[in-house]
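Have a look at the structure below, then the notes.
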Amino acid sequence: MKYDPSFEKSPLPYAPFKSLTVPRPIGWLSSISKGGVENIAPYSQWQNLTFDPPMVMFAANQYPDGRRKDTVINAEETGWFVWNMATWDLREAVNISAMALPAGENEFDRLNVTKKKADLSDTPMVAESPFHFECRYLSTHRLPGNSTVGSIDVVYAAVERIHLDENALTPDGRIDIAKVKPIARMGYYDYTVITDTFEMKVPGSDADEMAGLAGQPA
């Protein structure tokens, strides 16, 4: 079985593309408009780009009517947004924040979470999330799709401050993944939760390089 997705319908009843690029980290991104309206939404097309210096990206599909996502507009107009780690304990809030609300409505009003202000901007953060990136907007690259909703804004940003809950670290200073239980996006309406990890070092690799520390300030 095979098909060309650009001009053929999937031979399966459910399109497999998103279900094959898994698991996808969730960019639970909070922002604020230049008029002061707060926003938070999850993006499953989110990733880090490099670590020296730390940079990230997310891709936001347009709405069917051609409107661009509030997170994109807010980042462009204010220069900032915040990544909040999406965890098992926060899964219901993450799901509710995915609702498509009218522009100008504050998603935080629907969530049972505590807000706290970021250090470098007026952007709200989820206090219950154990880890945050304060992200400074760099640029947007727009890619047209075959449909209005298929068109995307790819947003690039630099991570200017990282917040770490010390209670979510192991005694030797690592992120305690089994404790915080990050969630990730699968296909369809499915998610997964990370509880188990295993280590494999590339033969002959440098330990610092594997840890992502090379070239970073002491």
Side-chain angles (χ1 to χ4, degrees), residues 17-34 37-64 66-87 90-91 93-101 103 106-108 111 113 118 120-126 129-145 147-163 175 182-187 189-192 194 212:
F17 173 68
K18 288 185 178 180
S19 302
L20 294 173
T21 49
V22 293
R24 301 191 303 280
I26 296 174
W28 199 23
L29 307 181
S30 51
S31 61
I32 188 169
S33 73
K34 64 180 181 180
V37 179
E38 297 168 332
N39 179 273
I40 185 168
Y43 292 87
S44 62
Q45 293 158 159
W46 152 271
Q47 190 56 266
N48 67 304
L49 295 171
T50 182
F51 56 83
D52 185 23
M55 288 188 281
V56 295
M57 60 76 64
F58 72 95
N61 290 82
Q62 295 180 159
Y63 288 111
R67 288 181 298 126
R68 302 168 74 207
K69 295 292 177 66
D70 289 338
T71 309
V72 176
I73 296 172
N74 292 348
E76 291 176 344
E77 293 184 344
T78 69
W80 294 93
F81 63 89
V82 169
W83 170 79
N84 308 268
M85 177 177 274
T87 66
L90 291 165
R91 65 192 182 280
V94 172
N95 192 42
I96 292 171
S97 70
M99 296 173 61
L101 301 179
N106 186 347
E107 285 85 358
F108 275 99
L111 308 184
V113 299
L120 305 178
S121 69
D122 291 329
T123 308
M125 306 194 304
V126 178
S129 180
F131 306 113
H132 308 86
F133 295 162
E134 294 195 46
C135 303
R136 177 175 56 82
Y137 171 80
L138 294 176
S139 64
T140 302
H141 186 78
R142 289 177 58 76
L143 294 171
S147 62
T148 305
V149 72
S151 298
I152 60 170
D153 290 302
V154 184
V155 177
Y156 300 94
V159 177
E160 299 292 354
R161 182 157 296 175
I162 299 176
H163 297 248
I175 305 301
I183 59 174
R185 197 72 163 88
M186 304 293 283
Y189 293 110
D190 298 336
Y191 291 78
T192 188
I194 302 171

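- For the salt bridge (Lys or Arg N to Asp or Glu O under 4.0 Å) test, residues two or more places apart in sequence or in another chain that qualify with R136 are E160.
- The closest side-chain heavy-atom distance from F131 to I162 is not below 4.5 Å.
- Separation of atoms CD1 (I26) and CD1 (I183) is listed at 4.0 Å; rounding is to 0.5 Å.
- To the nearest 0.5 Å, the span separating CD on Q45 from CZ on R24 amounts to 6.5 Å.
- A tilted orientation is assigned to the rings of F133 and W83, their planes being inclined by 30° to 60°.
- With sequence neighbours excluded, the residues satisfying salt bridge (Lys or Arg N to Asp or Glu O under 4.0 Å) with R68 are E76, D153.
- Within the 4.5 Å cutoff, the side chain of S19 has no heavy atoms near those of the M186 side chain.
- Looking at W28 and S97, their side chains do bring a donor and an acceptor atom within 3.5 Å of each other.
- Remark: of the listed residues T123, N74, N106, N106 is the sole one forming a side chain to side chain donor-acceptor pair (under 3.5 Å) with E38.
- Without hydrogens or angle criteria, N84 side chain to S129 main chain gives no donor-acceptor distance under 3.5 Å.
- Put simply, the side chain of S151 never gets that close to the backbone of Q62: no donor and acceptor are under 3.5 Å apart.
- Residues N39 and T71 bring a donor and an acceptor atom of their side chains to less than 3.5 Å of each other.
- A93 and V113 get closest at one heavy-atom pair: CB-CG1, 3.9 Å.
- Checking side-chain atoms of T87 against main-chain N and O of P182 turns up no donor-acceptor pair under 3.5 Å.
- To the nearest 0.5 Å, atoms CD (E77) and CD1 (I32) are separated by 12.0 Å.
- Rounding to the nearest 0.5 Å gives a distance of 7.0 Å between CD1 of I194 and OG1 of T192.
- The closest donor-acceptor contact from the side chain of H132 to the backbone of V126 lies under 3.5 Å.
- Pairing each heavy atom of V82 with each of A118, the nearest pair is CG2-CB, 4.1 Å.
- What you find for C135 and V159 is that their closest heavy atoms are SG-CG2, 4.3 Å.
- N61 CG to S44 OG: the interatomic distance, rounded to the nearest 0.5 Å, is 8.5 Å.
- Here the straight-line distance linking atom OG1 of T78 with atom OH of Y137 works out to 10.5 Å at 0.5 Å rounding.
- At a threshold of 4.5 Å between non-hydrogen side-chain atoms, the residues H141 and M57 do not count as touching.
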### Task
List the steps and the verdict of side-chain contact (heavy atoms from CB on, under 4.5 Å) for D70 and S31.
CA-CA 8 Å; D70 289 338; S31 61; 5.8 Å; no
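- For the pair R185 and Y191, the distance from NZ or CZ to the six-membered ring centre is under 6.0 Å and the angle to the ring normal is within 45 degrees.
- For D122, the salt bridge (Lys or Arg N to Asp or Glu O under 4.0 Å) criterion is met by K117, not counting sequence neighbours.
- Aromatic ring pairs are classed by plane angle as parallel below 30°, tilted from 30° to 60° and perpendicular above 60°; the pair F81 and F58 is perpendicular.
- Looking at heavy atoms from C-beta onward, M55 lies out of side-chain contact with Y156 at the 4.5 angstrom threshold.
- Across every non-hydrogen atom of E134 and S121, the tightest pair is OE1-N, 4.2 Å.
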